[in-house]
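Both counts, for ligands and for their atoms, begin at 1 and track the order of listing. Values reported hereafter were calculated over all heavy atoms of this structure, with side chains retained and with hydrogens, waters and symmetry mates removed.
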Amino acid sequence: MAPCPNFRKCGGCQLQNLPYSEQLLHKQRQLVSLLGEFCHVNDIIGMDDPTHYRNKVCAAFGLDRQRHIISGIYQTGSHSIIPVDECMIEDKIADGIIVDIRNMLRSFKIQAFDERTGTGWLRHVLVRRGFQSGQVMVVLVAVSPIFKLQKPFLKKLTELHPEITTVVLNINDRFGPVVLGSREKVLLGDGYIEDSLLGLCFRISPRSFYQINPVQTEKLYSIAIEMAGLTGKELVLDAYCGIGTIGLTAADHAKQIVGVELNRDAVQDAIGNAKHNGVKNARFFAADATRWISEAAAAGERADVIFMDPPREGSTPQFLDSVARMAPKRVVYVSCNPETLARDLALLTKKGYRVESSTPVDMFPHSEHIEVVCALSRRHKA
Ligand code: SAH
């Protein structure tokens with residue numbers, strides 16, 4: 001029996017009807033079939049407690065047929081909202097905040113946005129909580145910047161949840177699946193939260209990518225850094241670096257870190273994170289990783305180690321080509337999609353790299369998603 005009443009409707013925890021140990025076996029088998037031709041797949045690293053691990057919760061707001069405000073998740077493949085008050089993988093405090101906001105809307109006479117009629121105001125609530133710091137960010141995503149009763153609303157909300165350290169209003173007046181719009185207004189606090197990973201403190205803005213499972217992230221990064229075999233002398237590229245987490249954690253063991261990331265907010269966070277942690281040997285660039293590395297390779301720049309952590313679609317042939325031209329002795333590939341990883345490994349192995357090992361880390365218990373980190377080394381001089 002599946003423990004969640006929304007099993008199948010939500011589309012989230014596809015593996016929840018399997019005991020956790022079997023979920024891990026299922027993922028391991030899948031990885032062996034996808035990556036087995038390249039290397040040995042080490043045993044997947046699971047969680048001791050695979051529940052309530054998500055530090056980021058996003059709820060859609062809308063109206064039911066009786067025009068009552070509801071909040072929850074979109075039903076798979078549709079835009080109807082399944083009401084959700086608590087979820088076995090989401091942070092409990094974040095879930096509680098979302099329920100309280102929904103109840104407050106009624107008393108403050110604030111309307112949820114109705115996609116059918118285009119009326120109402122609030123579309124989504126995003127909550128991010130720092131696992132170590134306990135800091136909480138609430139992002140209210142609304143169709144307009146006019147927030148009636150803003151002051152009393154925030155007063156009441158922070159009375160109910162004194163753990164909230166910042167509230168941001170994000171304006172999204174476009175149709176489509178993207179939750180956050182490009183305009184933002186900080187209503188309370190700094191507009192970001194901080195959290196720590198492996199002893200460093202990281203600033204996280206509303207639109208920056210941050211790993212959603214902090215317990216497993218520390219394990220993932222520790223393995224990635226160990227695979228890099230750093231001695232303190234290396235020039236290291238951290239491609240698709242987000243807020244700089246991997247590169248900054250590795251900075252102590254390297255000569256110089258260069259991070260490249262497309263999202264400008266994340267790059268700003270990364271620069272602030274370097275400063276805040278007293279890391280002096282890291283620089284960050286806001287650019288498309290393929291474009292940046294192609295230019296660097298063409299200019300004859302080198303790297304000793306390249307970390308790459310692309311999104312689900314994987315990297316590009318041009319990026320991988322430039323990796324080979326820069327000829328690092330090691331590449332550490334962190335992937336959240338083993339299919340695109342296998343495709344990219346096939347290319348890298350053609351270009352003179354050997355996959356030494358791979359270690360899966362279960363970042364997404366109960367879901368089908370698989371995270372894995374691979375170490376590659378250069379077979380011969382490029
Ligand atoms: N290494 C980081 C982020 C990994 S997620 C961490 O562990 O937290 C993948 C990152 O790639 C995201 O931050 C996303 O904004 C970024 N990204 C997506 N497409 C990109 C591109 N074409 N060039 C550079 N970065 C890109």
_Strictly by side-chain hydrogen bond (donor to acceptor under 3.5 Å, both in side chains), give each pair with a member in residues 168-185 just once, sequence neighbours left out._
Glu184-Arg207
_All pairs passing ring-ring contact (aromatic ring centres under 6.0 Å, His included) where residues 81-104 contributes a residue, at least two apart_ = none
Dump the pairs for me: ligand 1 N or O, protein N or O, distance under 3.5 Å, to 0.1 Å.
residue  : atom   : partner : partner atom : Å
ligand 1 : 1 (N)  : Tyr240  : O            : 3.1
ligand 1 : 1 (N)  : Asp309  : OD2          : 2.9
ligand 1 : 7 (O)  : Gln211  : NE2          : 2.9
ligand 1 : 7 (O)  : Tyr221  : OH           : 2.6
ligand 1 : 7 (O)  : Asp309  : OD2          : 3.1
ligand 1 : 8 (O)  : Tyr221  : OH           : 3.3
ligand 1 : 8 (O)  : Thr245  : OG1          : 3.4
ligand 1 : 13 (O) : Glu261  : OE1          : 2.8
ligand 1 : 13 (O) : Glu261  : OE2          : 3.3
ligand 1 : 15 (O) : Glu261  : OE2          : 2.6
ligand 1 : 22 (N) : Asp288  : OD1          : 2.6
ligand 1 : 23 (N) : Ala289  : N            : 2.8
ligand 1 : 25 (N) : Leu262  : N            : 3.2

*Scan residues 53-68 for pairs that pass side-chain hydrogen bond (donor to acceptor under 3.5 Å, both in side chains), counting only residues two or more places apart or in two chains.*
Arg67-Asp114
_Checking Thr245 against Tyr221: is there a side-chain donor and acceptor pair closer than 3.5 Å?_
yes
*Answer yes or no for Arg123 and Phe61: cation-pi contact, defined as NZ/CZ to six-membered ring centre under 6.0 Å and angle to ring axis within 45°.*
no
*Hey, are the side chains of His253 and Ile225 touching, using non-hydrogen atoms and a 4.5 Å cut-off?*
yes
